[in-house]
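This report concerns only the one structure given below.
Here is how names work: the chains are called A, B, and so on, in the same order as the sequence lines, proteins then strands, and each is numbered from 1. Worth saying up front: this structure is predicted, and the values here are computed from it rather than measured.
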Amino acid sequence: MTSLIGLLGLGGRAYGAHSAGVATIGNNVSNVSTEGYSRQRVDLSANLILGGVRADGAFRAEDFLLSMQERDNAGSLGFASSSTSALLGLDGALSLGPSALPEQISNFFDGLNALQGSPLDGARQQDVVQRANAMAESFSEAANSISGAGHDAQFRANLLAEQANELANTIANANETLALYNDPALADKRDLAAAELAELVGGQARIDSDGKMRFVANGGAVLVDGNTVNALSVTTDPANPAAVTITAGTGAGQRDVTQQLGAGRLGGEVEFITGTIADSLAQLDQLAFDLATALNGVHASAQASDGTTGLPLFDIPVGPAGAASAISVNQVIVDDPSLLATGTLGEPAGDIGGVTSLLSVREALTSGGGTRTATDEAIHLLAGIGRLATDAQSAQDLHTARGDMLAASRDALSGVSIEEEMLRLSEFQRAAEAASTFVSTVDQMLANLISTL
Amino acid sequence: MRITETRMLHLMGGRTMETQSSIAKAATKVSTGVAVNRPSDDPMRWADGMRTKLSMDRRDAHESTVERARDNLTRTDVALSDMIDGLSRIRELAILGASDSYDAQGRTAAATEIAELFEGMIASANAQSVEGEFLLGGSESDTPPFDPAGVYQGNDVAREIEVGDNLYKQASVPGSLLTAASGLDIFGTISSVQGALAADDALATRALLDDLVLAVDQLSYARTEAGVASSSLEQSLGTLSDLELSLAESLETSVGADPIEAATLLANLGNQLEASRLVSERIISMMALQG
């Protein structure tokens, strides 16, 4: 049979258990807008030893499988969003404004068209040279835009790696603390950091038997293992906007993960640098080289109005590499536009055979390995970047929608509903009031007993 | 499914942002009439639009070149017309000089007038374009095609210019049409007439009258050549004008925005945004009541 003192303890434990429930609800409500917060619940169970009720601590409402899916999607979304942003920037830089490359190439040939009506007119010759200059500058500007986009992406890759290392340290520090005691709020922060890290580099996190989180990036590089962090390092070459190397770890354990990332915002930047930038620069260089070579060939087989054989119209490197940024009009012709080879070799000064031959290059399949005209190749280059941007945008939309769906599932399980919390608060409040009344009653009984003794 | 108020607010916020972004795009379409501004808007349509735009620029260049060539042919026609006028007057003087009623003094005066007309005809034959090229020199257009004695220095090349994609048409008439290579040497014939009159030789003058008729015919033929070339270029200008309309329509199809569709979309998006705002307000007031 329970004594009055025992009943007082029973009421006190009941009051404490329900107060813990009220406190947990208070915590839930105050974190209603906290990103990544998982609602907590208090499970009440019978106290078999002392009797009455006890609160079994605050538990996080979570689903590990769902968290894995979220991290996986975050990596894909990060990849798509960084690709979209980088590609849209490059797309705008190359196609907007007055000096889009296809227009400048076409503009040069339009100038030649005008010259055929009066090949000896100094003003028209000057105009053609100016248009050739504008075309060469447009090639250089396009090359600069692509290189600039590459350098920007290299800079972003460095920042992303720094952010990833900070998040990895956050996870490792949380691992260290959580190994000592259960802290749901810190566990939330660790989960949030893992989700953000997944968005940055792709990869997965799992909780080991010791309760510590292990984060493995795509390709198998372990970034966080317990309290240890294998930091990411980004190496770029200022002279080469299409180069980037990413390593994980230091010393003997360092490994190159550049080609293995394949996900996350950092993976998107790597793909942009080593794929889009490298391919676009190569395509642009080849276009500049092929067009200038074709025009130089025609120009050298024609003659200027003074009877001399045509000089090379454009100065270009010996091979395609760097041709787009290096191309320029022959300075001798810039200084004396009458040296434009407008006529046929051996014919009088007013002959326009040279102009006609130069004009024929417009329709010649000089580019794309002999499959496209120069203007078509320039359009193909720009439209190709646009196509990559729309593909990346579509992927971003897809992963955003999937992310919304997963977030909804997570919210269904872990989100804080004020309405629900208010109902549960009422329940705990009533129970606590009842326990309080019970304690008061027992206390009164004790007081009566003591006063009669 | 369990949906929290925070999630509802988050969803509404996301939808509102999406709608605002769509409204900005739709407003740009309505205000500019252009649906595709850059490759990423629609790569295929942008490429089509760019090709059409380049074709329009090329058409403009062709039109400008053809107009200048036509102007040069008009100048050539004026020069040849002046020469025909001069030659007709020379023929009148030759007919008078060939008459037995004309005396030596009269023939000398006629010879003097013919010499002046000869100089005028040489000046016409050396007519130049606005840019300074000699119109009747063939491809040797940087020097006067006829020397003071009327000897031709040019060649028989008629310039051909591109008037459309890989389509070339004649744009000049060579002065060789006025030389013996095309019938008789017109300036040589005039010199002979002038010489006969100066020598008071009515018989020789009479013998040259038929040649003067042939010379007028030859000049008329050269003028016809210029007229045919000019007319052909005029046809090309008409074709280019038609092409301008066709290309403008094509560009509109490639990158243009349907104004009615764009305006309807804008109105729908406006309503959608208003609905999002109202729902968000309702959720916030529900949360306030619960708090």
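Residues Asn113(A) and Arg58(B) fail the side-chain proximity criterion, which asks for heavy atoms closer than 4.5 Å. Contact of the Glu133(B) side chain with the Pro119(A) side chain is registered, since non-hydrogen atoms from C-beta on lie closer than 4.5 Å.
Nearest heavy-atom pair across Asn72(B) and Gly117(A) is ND2-O, 4.4 Å. Nearest heavy-atom pair across Pro39(B) and Ser95(A) is CD-OG, 3.1 Å.
Neither the backbone nor the side chain of Phe134(B) comes within less than 4.5 Å of any heavy atom of chain A. Val416(A) touches chain B through its backbone: at least one of N, CA, C or O sits under 4.5 Å from a heavy atom, while the side chain does not. Of the two parts of Asn166(B), only the side chain, counted from C-beta on, holds a non-hydrogen atom closer than 4.5 Å to a non-hydrogen atom of chain A. Proximity to chain B is absent for every atom of Ala123(A), based on heavy atoms less than 4.5 angstrom apart. Within the 4.5 angstrom heavy-atom criterion, no atom of Ala171(B) approaches chain A. Only the side chain of Glu420(A) comes within less than 4.5 Å of a heavy atom of chain B; its backbone N, CA, C and O stay farther away. For chain B, the nearby parts of Ser118(A) are the backbone and the side chain; heavy atoms of each come within less than 4.5 Å. Looking at Arg410(A), neither its backbone nor its side chain comes within 4.5 Å of chain B, counting heavy atoms on both sides. In this structure, no portion of Asp165(B) lies under 4.5 Å from any heavy atom of chain A. Contacts of Leu382(A) with chain B are made by both backbone and side-chain atoms, with heavy-atom separations under 4.5 Å.
Note: Ala408(A) leads Ala349(A), Pro102(A), Ala408(A) in heavy-atom pairs under 4.5 Å with chain B. Between chain A and the options Glu160(B), His62(B), His10(B), Met44(B), heavy-atom pairs under 4.5 Å are most frequent for His62(B). For the options Asp411(A), Ile379(A), Thr400(A), heavy-atom pairs under 4.5 Å to chain B are most numerous at Asp411(A). Per-residue heavy-atom pair counts under 4.5 Å with chain B were compared for Ala389(A), Gly343(A), Gly122(A), Ala383(A), and the maximum is reached by Ala383(A). Among Ile105(A), Val29(A), Leu388(A), Asp376(A), the residue making the largest number of heavy-atom pairs under 4.5 Å with chain B is Asp376(A).
The CG atom of Asp57(B) sits 7.0 Å away from atom CG of Asn107(A), with the distance rounded to the nearest 0.5 Å. Note that OG1 of Thr373(A) and CG of Leu54(B) are 9.0 Å apart. Values are rounded to the nearest 0.5 Å. Once rounded to the nearest 0.5 Å, the distance linking CE of Met8(B) with OG of Ser417(A) reads 7.5 Å. Atom-to-atom distance recorded for Ser40(B):OG and Leu94(A):CG is 11.0 Å, nearest 0.5 angstrom. Here CG of Asp41(B) is found 10.0 Å from OG1 of Thr390(A). Values are rounded to the nearest 0.5 Å.
Close approach to chain B, defined as a heavy atom under 4.5 Å from one of its heavy atoms, is seen in Leu359(A), Arg362(A), Glu363(A) of residues 358-368 of chain A, taken by number.
A side-chain donor-acceptor contact under 3.5 Å links Arg159(B) to the backbone of Gly350(A). With hydrogens and angles ignored, the 3.5 Å screen pairs no side-chain donor or acceptor of Glu347(A) with any backbone N or O of Ser139(B). Under a 3.5 Å cut-off, the side chain of Arg38(B) and the backbone N or O of Leu88(A) do form a donor-acceptor pair. With hydrogens and angles disregarded, a donor-acceptor distance shorter than 3.5 Å links the side chain of Arg68(B) to the backbone of Ala114(A).
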*Walk me through it: do Glu162(B) and Phe109(A) pass the test side chain to side chain contact (heavy atoms under 4.5 Å, CB included)?*
CA-CA 12 Å; Glu162(B) 192 186 59; Phe109(A) 287 108; over 6 Å; no
_Let's go through Ser305(A) and Asp142(B) carefully: what are the C-alpha distance in whole Å and the side-chain angles of both, what is the deciding distance for side chain to side chain contact (heavy atoms under 4.5 Å, CB included) to 0.1 Å, and is it a yes or a no?_
CA-CA 9 Å; Ser305(A) 56; Asp142(B) 55 339; over 6 Å; no
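For Met17(B), the CE atom sits in a loose shell: 12 or fewer heavy atoms of surrounding residues, nucleotides or ligands are nearer than 6.0 Å. Counting heavy atoms of neighbouring residues, nucleotides and ligands inside a 6.0 Å radius, atom NZ of Lys169(B) exceeds 12 of them.
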